[in-house]
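What follows is a set of notes on a single structure, which appears directly below.
Note on naming: letters A, B, ... go to the chains in the order of the sequence lines (proteins, then strands), and numbering restarts at 1 for each one.
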Amino acid sequence: MAAVKRNLLVTSALPYANGAIHIGHLVEYIQTDIWVRFQRLMGNRVVYLCGDDAHGTPIMLRARSEGLAPEQFIARMNQEHRADFARFGVQFDCYYSTHSPENEALCHCFYERLKTGGHIVHRDVEQFFDPVENIFLPDRFIRGQCPACKSPDQYGDSCEICGKHYNPTDLLNPKSAVSGAVPERRSSRHFFLRLEDFREPLQKLLRTGLVDSVVANKLEEWFGKELKDWDISRDAPFFGFPIPGETDKYFYNWLDAPIGYLAALARHLGGSAADAEEYWQMEDLEVHHFIGKDIIYFHALFWPAMLLGAGLKPPKQLCVHGHLTINGEKMSKSRGTFINAAQYARHLDPQWLRYYFATRLSALPADIDLSFDDFCNRVNSELVGKLVNLISRAAPILTRLLEGRTGIVTVEALPLLNEFRAAESALAADYDQRNFAAVTRRICALADQANKFVENQAPWSLVKSDAEAARGVLTAALECGRILMIYLKPIIPDIAASVEKCLNIRPQTWRDIQDSMPSHIIKQFEHLTGRVEERKIQDMLNENKAQATPIIASPAPAAAVAGTEPLAPECSIEQFSTIDLRVARVIRAEALEASDKLMKVELDAGPLGKRTVLAGIKKAYLPEQLNGRLVIFCANLAPRKMKFGTSEGMILASGPGGTEVFLLSVDERATPGQRVH
RNA sequence: CCGAGGGUAGCUCAGCGGUUAGAGCGGAGGACUCAUAAUCCUUUGGUCGUGGGUUCGAUCCCCACCCCUCGGACCA
């Protein structure tokens with residue numbers, strides 16, 4: 001590899017701060033982190049930056065629905081996101097937020113320069129406006145009847161039933177998803193960035209390696225006609241940065257989001273916007289943005305245009321990846337078929353996921369599938385069976401029978417070790433080109449050979465006749481293991497670190513591949529990682545099903561705005577007493593697979609006996625959360641036959657439904673069967 | 001409707017501007033016992049989406065068609 005050290009600035013796309021990190025996000029962060037770790041291992045200088053995309057209407061509304069100021073809400077999300085990334089070993093130099101003073105200062109710089117350059121124009125735009133909430137409504141926050149197929153309750157941009165796309169203004173009977181009010185059309189002045197001003201340099205960028213050819217082809221289509229002006233302003237109230245010199249105008253959050261990369265850089269440098277710019281403009285600095293294919297437009301057109309307009313250099317490369325599917329199906333946020341990062345980590349080892357993603361990742365923007373069968377196979381047979389096993393079979397013998405001391409590798413192992421070391425350049429090339437699938441393929445092939453070698457040399461019997469020969473064999477096996485772990489370090493850093501610890505060697509770098517371990521005493525072997533048990537995956541999936549649609553993107557949570565349920569007519573105490581409410585203890589709860597909402601709950605109502613209740617709480621609770629807890633339920637409600645059985649009562653809860661369901665509790669000393677008066 | 005990518009063993013994929021098509025996993029049988037439970041050996045298995053064409057010869061080139069995925073057409 002080249003002796004000249006590269007100077008890299010790497011980013012992953014900023015996750016939107018209105019929901020948890022899920023396993024689909026992780027493809028990108030793990031991919032980037034692997035690449036970054038590899039570059040560091042090679043001795044290159046890398047700054048890896050990211051942060052929350054913290055502005056916009058959805059965040060503003062979501063914060064409000066939780067009774068929080070947006071600042072409080074995004075602070076919490078930021079904490080959660082950091083914790084999630086840490087769990088998966090994604091190591092940023094700085095994880096910041098677009099809601100930061102550095103970012104605001106940078107936004108002002110960009111805006112002033114774009115304005116001075118004559119690239120900003122103004123135009124009136126007519127949009128739907130919610131007269132109750134006094135906000136302009138993004139497309140996704142308008143619901144109505146599809147103009148094509150007449151399906152009710154469709155989004156403002158497209159119909160989920162017939163797939164037709166349209167304008168929000170085409171919807172029949174439009175309603176605001178925020179307040180339920182009928183939206184009005186209103187006009188207001190918007191600010192636009194004239195993309196067409198940058199046509200030539202942007203088009204040139206495509207041909208000079210900003211993206212690979214597949215993506216470049218796609219982008220060429222966009223240049224087929226005039227590039228439209230980009231609407232960069234939003235009207236108050238909006239959570240974001242006010243446009244300087246204007247009243248009630250804010251920057252659209254997609255304007256300040258990529259600038260957030262620079263803000264994170266400023267923060268990382270402990271300096272100002274000017275320091276960040278200076279760093280960015282360093283001649284040898286290569287800027288690499290890792291992004292999903294859904295945001296190519298922003299990173300290949302808007303962002304370079306902004307940079308060029310502000311007198312800064314465009315990025316060197318966009319590393320575009322595809323989306324994640326699970327067991328061959330699209331991960332649907334609204335249908336709840338996604339797994340949160342934290343949730344995964346509660347059930348399964350994050351290192352497994354890093355390994356698995358690596359086996360599926362290439363430089364192409366192709367979708368990758370997480371098939372749990374395949375996941376088990378690969379983790380168990382490759383990661384555990386081949387790679388970890390090599391160390392776990394050699395190290396304990398050495399410790400137990402040969403005082404744990406390594407020696408000189410046996411002569412028979414030299415061709416093998418040569419091959420291990422010779423793989424270096426091919427592996428480095430695969431890594432650098434983000435061909436991680438090829439990396440793991442090569443590494444497994446090497447591990448296969450090492451295991452064959454151990455098998456043939458049979459050090460466990462050799463040790464009885466020739467202890468020193470056995471030591472040589474085991475040393476060679478561990479040497480193989482050591483080299484493999486260097487190769488794997490970017491992918492499974494935690495396991496690699498455990499191997500270093502076991503082998504009692506300092507943290508290895510790429511250069512150590514060509515070296516050998518000195519003769520020394522290794523440490524007691526400790527468990528590196530276990531096998532995937534399908535049960536654990538099932539547990540996780542069941543939990544996931546039970547949770548369904550958590551807090552992501554969809555405007556549904558907005559329906560949770562309080563105070564919308566009208567007060568019921570007055571009732572007498574006699575009428576009230578006809579409702580028999582009882583305390584019960586949950587014996588068993590089970591999420592009904594075939595149902596979106598229902599959970600089958602078995603209750604112990606003390607002297608009243610046991611009851612089976614079907615409760616619409618699947619999206620809000622996990623079965624485990626319910627087992628053993630006390631609830632209040634209506635015991636004299638007429639039994640009701642439902643699709644999944646008969647429900648013998650109703651568990652009391654507040655909230656609008658969906659994920660927003662809150663069970664009533666009773667203090668500890670209450671006993672099952674007691675009536676509630 | 002348009003565009004892009006893909007359809008290769010049960011699964012995941014590699015290959016290729018042309019000889020008898022590869023790997024891992026799985027299945028079957030065996031060996032071994034050092035392994036925090038795995039490895040090793042043998043073996044099974046494909047008319048390389050369909051139909052044409054070019055050629056001495058095509059999985060690989062050309063044409064048509066089918067299917068899958070993504071994207072565009074509307075919005076960003």
| request: Take A:D256 and A:H55 through the test side-chain hydrogen bond (donor to acceptor under 3.5 Å, both in side chains) and record every step on the way to the result. | output: CA-CA 8 Å; A:D256 68 53; A:H55 290 149; 2.8 Å; yes
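In this structure, A:D374 atom CG and B:rC25 atom P are separated by 12 Å, rounded to whole Å. Going from atom CZ of A:F436 over to atom C1' of B:rC13 covers 18 Å, rounded to whole Å. Atom CG of A:N377 is separated from atom P of B:rC13 by 13 Å (rounded to the nearest Å). Here the P atom of nucleotide B:rG5 and the CG atom of A:D369 are 22 Å apart, to the nearest Å. Remark: C1' of B:rA76 and CG of A:N253 are 11 Å apart, rounded to the nearest angstrom. What separates CH2 of A:W460 from C1' of B:rA37 is a distance of 14 Å, to the nearest Å. Atom CG in A:N456 sits roughly 17 Å away from atom P in B:rA31 (whole-Å rounding). At whole-Å resolution of the value, CD1 in A:I397 and C1' in B:rU33 are 10 Å apart.
Taking atom P on both nucleotides, B:rG72 is separated from B:rU55 by 42 Å, rounded to a whole Å. Between B:rA21 and B:rG15, the distance separating the two C1' atoms is 8 Å to the nearest Å. Rounded to whole Å, the separation between the P atoms of B:rU20 and B:rA58 comes to 10 Å. For the C1' atom pair drawn from B:rA28 and B:rA9, the interatomic distance equals 16 Å after rounding to whole Å. As rounded to the nearest Å, B:rG17 and B:rC13 have C1' atoms that lie 23 Å from one another. Between B:rU19 and B:rG3, the two C1' atoms lie 37 Å apart (nearest whole Å). Going from the C1' atom of B:rU39 to that of B:rC34 covers 10 Å, rounded to whole Å. With both ends at atom P, the span from B:rC68 to B:rC74 equals 25 Å, rounded to whole Å.
A:R400 has no side-chain polar atom (N or O) that falls below the 4.0 Å cut-off from OP1 or OP2 of B:rC34. Regarding contacts with the backbone of B:rU39, every side-chain N or O of A:K452 stays at 4.0 angstrom or more from both OP1 and OP2. For the OP1/OP2 pair of B:rG24 and a distance below 4.0 Å, the side-chain nitrogens and oxygens of A:K386 include no atom meeting the criterion.
Checking B:rA37 for Watson-Crick or G-U wobble geometry (two distances, each under 3.5 Å) identifies no partner in any strand. For B:rC75, there is no paired nucleotide, since no Watson-Crick or G-U wobble pair has both relevant distances below 3.5 Å. Look at B:rU42: its Watson-Crick or wobble partner, with both distances under 3.5 angstrom, is B:rA28. Nucleotide B:rU19 forms a pair with no other nucleotide shown, judged by Watson-Crick or G-U wobble geometry with both contacts under 3.5 Å. Within the shown strands, nothing qualifies as a pairing partner of B:rA14 under the Watson-Crick or G-U definition with both distances less than 3.5 Å. Look at B:rA4: its Watson-Crick or wobble partner, with both distances under 3.5 angstrom, is B:rU69.
Across B:rU69, B:rU12, B:rA37, the shortest atom-to-atom separation from the side chain of A:D367 is found for B:rU69. Counting only heavy atoms from C-beta on, A:D448 has its side chain closest to B:rG24 among B:rG24, B:rC34, B:rA76. Nearest to the side-chain atoms of A:P396 among the listed nucleotides B:rG24, B:rA76, B:rU36 stands B:rU36. The side chain of A:E382 has B:rG24 as its nearest neighbour among B:rA76, B:rC34, B:rG24. Side-chain proximity of A:K293 to B:rU39, B:rC70, B:rC34: nearest is B:rC70. For A:S381, taking side-chain heavy atoms from C-beta onward, the closest of the listed nucleotides B:rU12, B:rA76, B:rC25 is B:rC25. Nearest nucleotide to the A:R378 side chain, out of B:rC34, B:rU12, B:rC75: B:rU12. Closest to the side chain of A:R441, out of B:rU33, B:rU36, B:rA14, is B:rA14.
Residue-level contact check: A:F298 touches the backbone only, with heavy atoms under 4.0 Å from sugar-phosphate atoms and none from bases. Note on A:W230: only backbone sugar-phosphate atoms sit closer than 4.0 angstrom, heavy atoms only; bases stay farther off.
For the residue pair A:T529 and A:D349, a side-chain donor N or O sits within less than 3.5 Å of a side-chain acceptor on the partner.
Along RNA chain B, the nucleotide nearest to A:F453 and the one nearest to A:L528 differ in position, and the one closer to the 5' end is contacted by A:L528. Mapping A:E526 and A:S371 onto RNA chain B via the closest heavy atom, the residue that lands nearer the 5' end is A:S371.
Ring orientation note: the planes of A:F302 and A:W230 are close to parallel, at an angle under 30° on the 30°/60° scale. Ring pair A:F290/A:W35 is tilted by interplanar angle, where 30° to 60° counts as tilted. Relative orientation of the A:H299 and A:W254 rings is perpendicular, given thresholds of 30° and 60° on the angle between their planes.
A:F136 is listed as a side-chain neighbour of A:S188, based on a closest heavy-atom distance under 4.5 Å.
The side chain to side chain donor-acceptor pair (under 3.5 Å) test with A:H190 is passed by exactly one of A:D124, A:D231, A:D229: A:D231.
Partners of A:A358 by side-chain contact (heavy atoms from CB on, under 4.5 Å), not counting sequence neighbours, listed by chain and number: A:I34, A:F436, A:T440, A:I491.
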